[in-house]
Structure formats: C-alpha cells, structure tokens
Amino acid sequence: MPRRSLLTRGLNPEQVEAVRRTKGPVLVLAGAGSGKTRVITTRIAYLIEQGLAKPGEILALTFTNKAAAEMRERVAKIIGADLARDIVLSTFHSFCVRVLRAEIEHVGYRRNFTITAESDTRTLLRRTLEDLDGAGETFDAGTFLERIGQLKSAGIDPAGAADTPALPKGAAKSPEADKKKAATAEKYEKWLPEIYERYQSALRAANAVDFDDLLLLTLRLWREHPRVLGRYQKRFRYVMVDEYQDTNRVQYELLLALTGKHRNLCVVGDDDQSIYSWRGADIANIISFERDFPEAHVVKLEQNYRSSETILDAANHVIACNTVRRPKNLWSQLGKGRRVDWFITGDEEQEAAEAAKLLRYIRGQTGAAYRNFAVLYRANQQSRPYEIAFRQANIPYVVVGGQEFFERAEVKDLIAYLKIIANPRDEAAFLRIINVPRRGIGDVTLHRAHDICRTQSMGLGKALVSLLKGGDLPRNTQAGIRQFLGIVNTFRQKYRDCEGRLASVTVELVDHVRYRADLFRSSKSAAQFEARWGNVEALISAVAQYEEQNERPTLSGFLDDSALVTNEDRRDKEERRSEAVTLMTIHSAKGLEFPYVFIAGVEEGLLPHEKSTGKEAIEEERRLFYVALTRAKRHAVLFESMSRERYGKRRMTKTSRFVAEIPEALIRRRIRAARDMVADSTGESAPKPRKRKPTRKRR
DNA sequence: AGACCCAGGTTTTTT
DNA sequence: ACCTGGGTCT
C-alpha cells in the first residue's frame, strides 16, 4: 500500500497512473505536449519518496545530454539537489561509457580506450579500404560506413552481415542508371562483410570504439559475463527510458538484459514522433512493446497542454493518415485559436521575406518576443534565404546546427594530441597529428610504417621506431619522428602526474608544439587566424571547465565528454534564452515548443523529401510534418514557394501532399505571389502550378 | 607541399 | 550552385 503522496497533485488521472504504476513493465504512450517530462520526473521523485528505491538505484536514460540535464534539474526541484545528484540519469551512450570504463577489459579492450568521432571513423575506413585496392577495386567509404552503421545498430556482427540484405533504396531514374546502381550495390554487398570485419579490427587494434560500439560492447559484455550483468541488474531496480520510440535494436536488447530480473522497466514515448529510423531507430520497439512484455501496463497520455485545438486537430488529421501507428486521440482544452495559415509565394526569397513580414506583423499585434518564433525546415540549406531576409529586416535570429565545435580542424588536431596521449594505440589520432605542425613526416614514411604495422602486426608508434632503427630515412624525417615521440612521451608523463590540473598541462602542450605559430602560418587571413586561435582557446577553457566540474578529472574523462557532447549542450543558458528567432531543422525541434511556428518549404520533394520513397519512408516524413505542427502553441504557419532552386537549377514545385490532409476548415490559404504566376492556380483548394517558366528570374 | 582541376554528390544527424 | 575528395602538375 503506497503512502499518500502529494507529488501527484495537479496531474491528470492518466499521468497519476503512469507515476504510481511502479512495478513491472509500463509503456507510457505520451502524445505530443502531454506532459511527458513531468511524468518521468515525478515518477522518479515518487520512487524515492515511497522508499521504493534509493536515488542510485534508479536509472533514467535519454537520448540527448540536454534532455538528461533538464530532467535532473526538474527532479532536483522536487527532491533537492543532493538526492538528485545520485540518480543515474544520462544518455544511453554516456551510460555505456561509464560501464565500459569500468569493465571493458572483459571484452578485450584496454581501459584507456578512446571514442572515435564519426568523422574520424571515415578516415579510418578509408585507410582500411586502401589496403583492399590491391584487389583492383575502388570504394566509397561513406557507402560502407552507412551500411556498417545500420548493421551495428541492428546488432549484427561482420559474420552476420553476409546474410543480411541491404535496405531497399529509392528507385533510380533510368533503367541504365538502375542497372549500374544494382551492379555497384552488388559489388558493395559482396565486400561488405570483409570490410566491416577489417574496420572493426582496425578500431580494435587502435583500442578505439565508435559510437555504436559503446552500445554494442556493453551488450556483449553483459551477454558474455552474466555475473557482471547480474551486478547491474541488482543495482538498477528501476529503469526508465525517455523517447523510447527512438531506441534501436541494440538499445532495446540492453534494456531487456538489464531489466531481465525485476522487469521494472518504464518506457515513455510516442510512435507518432519517431523520426530517426534512418539512424537505426526501430519503431517496432514501441509498436509491439506488449509482445515483448506481455504483462505490461499501457498508459496513454492524450491530453495536450501545449497547442490550440485547431493546431492539434490539424495535426491529428495529418497523422491519422499513417497506417503503422498506435491509434490515439490527442485533445486540448486551450481553445480553438487561429487557423493554420498557408502562404504561397513565388520563390524562396519571397517566402522568407513574407515570413519576416508576418513575424513583424504578429509582433506588432501581440507584442510577442522574438524567441517565441521558430522557423522549421526539412533541410539545412533552407535556412539561407531566411537568414538573408531576417538580416535585412533586422530580425535577430540564431541558426541551430551547423558545424560542431569539436569538428573544427584545429580542435580536432588538439583532441588528437590528447587522444594519442591517453591511448597510444589510437591510430586515427596518430595519423592526424604526426605531421602537424610539419615535421617532415610525409606520406612515404607513413606508408612504410603502415606496411610494417600490417606485416609485423605492431602499432604505428612501434613501427616508426623500427623505421628509425633501419636508418634509411631522410635526416629531417628521423628528427621529426624523434621529436614527435618525445612530445608524446613527455606529455603522457605530465598528464599522469598533473593531479587533475589538465588545463595547465594542455596550455603547455599547445605551447610546446608551437601550435599557434603553425596556425598563423597556415591561415589565409588575420581574421581566419583569430577565429582558429579562438577555437583553440575555447578548447582549453573547455578543459578547464571540465576540470572544475569533476571531482576526479582525467584525460580520458575529458575526451569522453568531448566525444559525447554536442554544440547544443555547450551553448549556455544565457545564450539559449537569447532574444532571437530560432531557425532549425524539424529534427532538432523535437521536444521543443514555440508560440509561433513557421514551417518552411511545404513542398513535394522537400517535405516529404525526394530521397524518401516507399510507404514507410513517407510515413516517417508525415511524422516529421506532425512533429513540426505540434511544436506550435498558438499559431502554425506553412510556407510554400512555387519555384525553388535546388542543386543549382530552378524548378517549379508542387504543394506537399500533407497540406491536403489538413481539413479545409482548419487552414487558410493565402497567395503572396505575383498575380501572373498564380493565374492558373487560384480558386481550387490545392493549387497545382503548371510547368511554366517562373516570371521572376533569380538574381 | 601546395596549387589547380575535375567529378560526383547533394536529407535528416540525439551520441 | 557548391563543396569535397582525389588526382595531377609544378
């Protein structure tokens, strides 16, 4: 009999049910804006309050650092920061890093393993492929990487890759292209298991793991070492998962293993918001939860606390067109509100200009702040015209996305230094900086070293030493190698002895390799140099920050953080609260809300995207549109251009099929194009621009 | 090592 | 249109 709890005050009956149903598997189907985060945080607090679990016995998994941080903050508000600190609340990946840092030796890696960034993974694979070029083949690394990623998120190893068919790709345009593609695809499929295998051994030899490995190795660890698994099972008596619709096969298996004993697994998600299948998310995990957990309780949260009835109604009608989903009916009590507006303009410049105009108008009418607006789009390239128009109209904006801090060349260089210091075997890191700054160690030397690695199976470092011994290297190359090895050894020692004072050693390292001078030399302008050096300084302060925030800072710890953290996480609160319109992809808008949402480019080819063909893919695109609509609290506005420039060519467009799925009574069509452009498309509810040359030429 | 040119390809990207 | 990677030339 649970003690009386005040925690559930203000929750609706379904939310209360979700909070109090603590035993056994629970699936909370949480529609958009239904107070999902509130339920999870309250549930955590409830478990602790009722004495069902100590904070350290609760594991709550999210997909983003941001979500994890937000959740911890909200739990802390309820139960206090001290208790909240001990809850294991993190992303799947960080959780696995934690496990692996302690246990990875069981599965044949060393404790000081490094995490290979996605971009480095490419380089690594390319090098792997080079060895195969002897077979007279040239391959594109990206293609393999994508397939290997898919296999890995499905939990398939190289051996299993041979009998796994490729996912069907979109149809090619012509029969010849079709045939050619098929031939290429066949070739790739033939080589896939071999290449996957080699890629995996290269990582292994480098004592490095990629993102997928974090999950995969944890699963393997648990499967092969039941006693280790037993410890985790015993410790985590309650497991909760946010955004469950985004879990992939491996994550699902991890959950299954971890909760195998007590089965206290509570997953929260919304199949209608599953938009990451291309990253391996398996919608089957949520669709058929009860098949895997027959004793599961299902709680549906259908009251929406975010959007007006009109917006919700429109969104409901759209999503109802999907066939693969769990039926639900979201409702709202927030009043009818405004109709969805649908603006049709001539081209993308007009579209953005119109958006700017409307934004100003709404601001004038309502006094809404800039941060109450978001422009959402399918593809990043769509931000351009909006940026230009907003700049012209003096509207402050921030573009979410773009190049990640840790992907900048100078940052990667220094990270590579740190990696090679932390993990001497990290070959990718090695190759990246062995000749940065220039030390006269060129391709020839590296290839020779690489050959030694392969024939005598030793690490690059050792291979270089043996090359030195051979004595037939150019003198400056010899000096370069000695110098490089010296730096690495010296700093390995320094980092070991620094007692957590990582930042100051890092400053010393940057000084020692004369990185600043090298940046200056290779920069094309003073401004570029300043920007790059600024990044270096930012990295150093990131080290300093890490050092401050951790009780036992280690180099590996910092590297883990930097591998798992995104730009968005680094952005501080100040910045996030900033008074500006947000421009971002629909994908990155998931979980957010804005009073005014502008959806750009509701056109065939863009939303749904032309690359998404087939029923399943179209349904995912529809979910994307649904996610976009349900971000809006008060007013959703669609923008469509009658012509759009793509890949350098201006083409006429067609209205997105999804627009017609919104009942006419809920939407208002507004033409904002030159009259001669729309002469043949007025009157009907769905305008179909004929094949005509746009009147307005691009400038 | 760096400059230069051509070919290919363009989605989304929690970690 | 634009960027990237790869190859070749200087």
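As the structure is a computational prediction, the values presented were derived from the model and not from experiment. Just so we're on the same page: letters track the sequence lines, and every chain starts at 1.
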Sugar-phosphate only, base, or nothing, as touched by Arg521(A) at under 4.0 Å among non-hydrogen atoms: sugar-phosphate
Between Ser612(A) and Glu621(A), a side-chain donor and acceptor under 3.5 Å: yes
Length of the CZ-P vector between Arg623(A) and dT11(B), whole Å: 20 Å
Between P of dT12(B) and CG of Leu583(A), the distance in whole Å: 14 Å
Strand contacts (DNA chain B) in residues 555-563 of chain A, 4.0 angstrom heavy-atom criterion: none
Euclidean distance, atom CD of residue Glu70(A) to atom C1' of dT14(B) [Å, nearest integer]: 14 Å
Whole-Å distance separating the CZ atom of Arg646(A) from the P atom of dC2(C): 16 Å
His609(A) aromatic ring stacked with six-membered ring of dT11(B), 5.5 Å and 30°: yes
Distance test, side-chain N/O of Ser588(A) to OP1/OP2 of dT14(B), below 4.0 Å: no
Criterion side chain to side chain contact (heavy atoms under 4.5 Å, CB included) against Glu70(A), the qualifying member of Glu73(A), Arg74(A), Arg72(A): Arg74(A)
Aromatic ring of Tyr276(A) stacked on base six-ring of dT12(B), 5.5 Å, 30°: no
Side chains of Thr247(A) and Asn285(A), donor plus acceptor under 3.5 Å: yes
Pair Glu243(A)-Gln245(A), side-chain donor/acceptor within less than 3.5 Å: yes
Within-4.5 Å side-chain heavy-atom neighbours: Ile104(A) and Leu221(A): no
For atom CG of Leu606(A) and atom P of dT12(B), their distance in whole Å: 10 Å
Nucleotide nearest His587(A) (side chain, heavy atoms from C-beta), chosen from dT10(B), dT12(B), dT14(B): dT12(B)
Sugar-phosphate only, base, or nothing, as touched by Asn435(A) at under 4.0 Å among non-hydrogen atoms: sugar-phosphate
Closest-nucleotide 5' rank along DNA chain B - winner of Ser612(A) and Arg438(A): Arg438(A)
Selected nucleotide, minimal atom distance to Lys611(A) side chain, candidates dT14(B), dT13(B), dT11(B): dT11(B)
Distance in angstrom units between Glu610(A) CD and dG9(B) P, rounded: 15 Å
Thr218(A) and Asp213(A), any side-chain heavy atoms less than 4.5 Å apart: no
side-chain N/O Asn380(A) vs dT13(B) OP1/OP2, d < 4.0 Å: yes
Integer-rounded Å distance: dT13(B) P and Glu620(A) CD: 13 Å
Nucleotide nearest Ala379(A) (side chain, heavy atoms from C-beta), chosen from dT11(B), dT13(B), dA1(B): dT11(B)
Minimal non-hydrogen separation, Ala600(A) against Gln382(A), with atom names: O-NE2, 3.3 Å
Heavy-atom side-chain proximity of Phe63(A) to Tyr276(A) below 4.5 angstrom: no
Sugar-phosphate, base or nothing in reach of Thr62(A), heavy atoms under 4.0 Å: nothing
Length of the CZ-C1' vector between Phe625(A) and dT12(B), whole Å: 17 Å
